[in-house]
Amino acid sequence: MSDKREDYISWDEYFMAVAQLAGMRSKDPHTQVGACIVSEDNKILSMGYNGFPRGCSDDEFPWGKTSENPLENKYLYTTHSELNAILNYRGGSLEGAKLYVTLFPCNECCKAIIQAGIKTVIYDCDKYADTPSVIASKRMMKASGVTFQKYHRTGREITMSL
Ligand SMILES: Nc1ccn([C@H]2C[C@H](O)[C@@H](COP(=O)(O)O)O2)c(=O)n1
Ligand SMILES: [Zn+2]
């Protein structure tokens, strides 16, 4: 007779939780995004979150988004979580990998996802669905055979004491 625990978290819960945890490292005051890249056989390959590139200080570069001067807004400087996760990977090919991400990828990250060989995107939030960036992203994913699916929230709460 097996005494196995039955309330263990699913693969999807596990990887989306890891993506959420990575996002908690982001210094962006408005939107924190996390990404977790997983192999076809469910091994975590890489993680990332949105932030400035190495050498670009979180305390010196701007985190705002409303300045009339684009050089004073974050957008020209931030590396998105998905791109960071792809660039953080040191192991070779990401062909066939899955990407768990807390926010639907933009068109720029989408190009990197496609070119890296990632085949599946599992996303949580899609708050920029109506923007040209995300519309273009979905169009490119469909054209290149990258499937995307919304993460089904289970309502499970995970508490950790640190
Ligand atoms: N899929 C995405 C979309 C956005 N990001 C990053 C880029 C910015 O740091 C932030 C978005 O800022 P907002 O316009 O919501 O103030 O999220 C990302 O990493 N991945
Ligand atoms: Zn992006």
Side-chain angles (χ1 to χ4, degrees), residues 11-39 44-91 93-154 158:
W11 285 122
D12 273 358
E13 287 175 320
Y14 177 38
F15 298 132
M16 190 54 81
V18 169
Q20 281 185 18
L21 192 64
M24 292 170 77
R25 284 281 308 153
S26 175
K27 319 298 182 306
D28 190 320
H30 188 255
T31 302
Q32 303 84 41
V33 189
C36 175
I37 301 177
V38 178
S39 68
I44 293 177
L45 300 176
S46 189
M47 287 175 270
Y49 57 89
N50 53 323
F52 298 139
R54 259 181 238 167
C56 302
S57 167
D58 290 320
D59 300 314
E60 289 169 24
F61 279 72
W63 281 117
K65 50 190 272 182
T66 55
S67 171
E68 282 182 15
N69 179 357
L71 291 171
E72 294 305 324
N73 291 327
K74 63 184 173 181
Y75 294 109
L76 293 178
Y77 309 111
T78 42
T79 308
H80 289 191
S81 70
E82 305 92 311
L83 186 59
N84 267 330
I86 291 169
L87 296 174
N88 285 341
Y89 183 58
R90 291 286 182 270
S93 172
L94 289 174
E95 198 65 45
K98 299 178 280 186
L99 170 76
Y100 287 77
V101 62
T102 59
L103 180 59
F104 199 95
C106 75
N107 63 306
E108 292 300 330
C109 291
C110 174
K111 296 175 208 173
I113 289 165
I114 293 167
Q115 295 302 78
I118 292 169
K119 287 288 178 287
T120 310
V121 172
I122 300 105
Y123 65 95
D124 184 19
C125 174
D126 196 10
K127 66 177 178 175
Y128 294 127
D130 295 335
T131 64
S133 171
V134 170
I135 293 168
S137 183
K138 288 175 182 168
R139 182 176 175 182
M140 287 189 279
M141 285 188 201
K142 283 177 189 161
S144 58
V146 174
T147 59
F148 51 90
Q149 58 202 56
K150 182 148 177 60
Y151 172 72
H152 296 295
R153 287 195 173 210
T154 60
I158 298 175

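All residue numbers refer to positions in the sequence shown, counting from 1. Counting starts at 1 for both ligands and their atoms, following the listed order.
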> Taking C-beta and beyond as the side chain, do Pro62 and Tyr77 meet within less than 4.5 Å on heavy atoms?
Replying inline: yes
> Any side-chain donor paired with an acceptor under 3.5 Å for Glu13 and Thr154?
Replying inline: yes
> Can you tell me the protein heavy atom closest to atom 15 (O) of ligand 1 and the distance?
Replying inline: Tyr128 OH, 2.3 Å
> How far is atom 2 (C) of ligand 1 from its nearest protein heavy atom, and which residue and atom name does that atom have?
Replying inline: Glu82 OE2, 3.5 Å
>> Is any side-chain heavy atom of Val101 closer than 4.5 Å to one of Ser81?
In response: yes
> Is any side-chain heavy atom of Thr78 less than 4.5 Å from a side-chain heavy atom of Phe52?
Replying inline: yes
> For ligand 1, which atoms sit closer than 4.0 Å to a heavy atom of Pro105?
Replying inline: 1 (N)
> Considering only the protein, which heavy-atom contact is closest to atom 10 (C) of ligand 1, and what is its distance?
Replying inline: Asp28 OD2, 3.5 Å
> Salt bridge between Asp59 and Lys27, side-chain N to carboxylate O under 4.0 Å?
Replying inline: no
>> Heavy-atom distances under 4.0 Å decide this one: backbone, side chain, both or neither, for Lys74 against ligand 1?
In response: side chain
> Which residue supplies the protein heavy atom nearest to atom 19 (O) of ligand 1, what is that atom called, and how far is it?
Replying inline: Ser81 N, 3.0 Å
> Between the side chains of Asp12 and Tyr100, does any donor sit under 3.5 Å from an acceptor?
Replying inline: yes
>> Within the 3.5 Å criterion, strictly below it, is a donor on Asn50 or Ser26 matched to an acceptor on the partner's side chain?
In response: yes
> Heavy-atom contacts under 4.0 Å between His80 and ligand 1: side chain, backbone, both, or neither?
Replying inline: both
> Can you find a pair of side-chain heavy atoms, one from Ser46 and one from Ile86, that are under 4.5 Å apart?
Replying inline: no
> Under a 4.0 Å heavy-atom limit, does Leu103 contact ligand 1 with its side chain, its backbone, both, or neither?
Replying inline: both
>> Between Asp58 and Trp63, is there a side-chain heavy-atom distance shorter than 4.5 Å?
In response: yes
> When the ring planes of Phe15 and Trp11 are compared, do they come out parallel, tilted or perpendicular, using 30° and 60° as the limits?
Replying inline: parallel
> Which ligand 1 atoms, with their elements, are less than 4.0 angstrom from a heavy-atom of Phe104?
Replying inline: 1 (N)
> Which atoms of ligand 1 are found less than 4.0 Å from any heavy atom of His30?
Replying inline: 13 (P), 15 (O), 16 (O)
> Taking the inter-plane angle between the rings of Phe104 and Tyr123 on a 0 to 90° scale, is it parallel (under 30°), tilted (30 to 60°) or perpendicular (over 60°)?
Replying inline: perpendicular
> Which residue holds the protein heavy atom closest to atom 6 (C) of ligand 1, what is that atom called, and what is the gap in Å?
Replying inline: Asn50 ND2, 3.6 Å
> What protein heavy atom sits nearest atom 11 (C) of ligand 1, and how far away is it?
Replying inline: Thr31 CB, 3.7 Å
> What salt bridge (charged side-chain N to carboxylate O under 4.0 Å, His left out) pairs are there with at least one residue in residues 126-141, not counting sequence neighbours?
Replying inline: Asp126-Lys138
>> Using a 4.0 Å heavy-atom cut-off, which part of Tyr75 comes near ligand 1: side chain, backbone, both, or neither?
In response: side chain
>> Taking distance alone, with N or O pairs closer than 3.5 Å, would you say Val33 contacts ligand 1?
In response: no
> What protein N/O/S atoms sit under 2.8 Å from the Zn ion (ligand 2), by chain and number?
Replying inline: His80 ND1, Cys106 SG, Cys109 SG
> Can you find a pair of side-chain heavy atoms, one from Met141 and one from Val121, that are under 4.5 Å apart?
Replying inline: yes
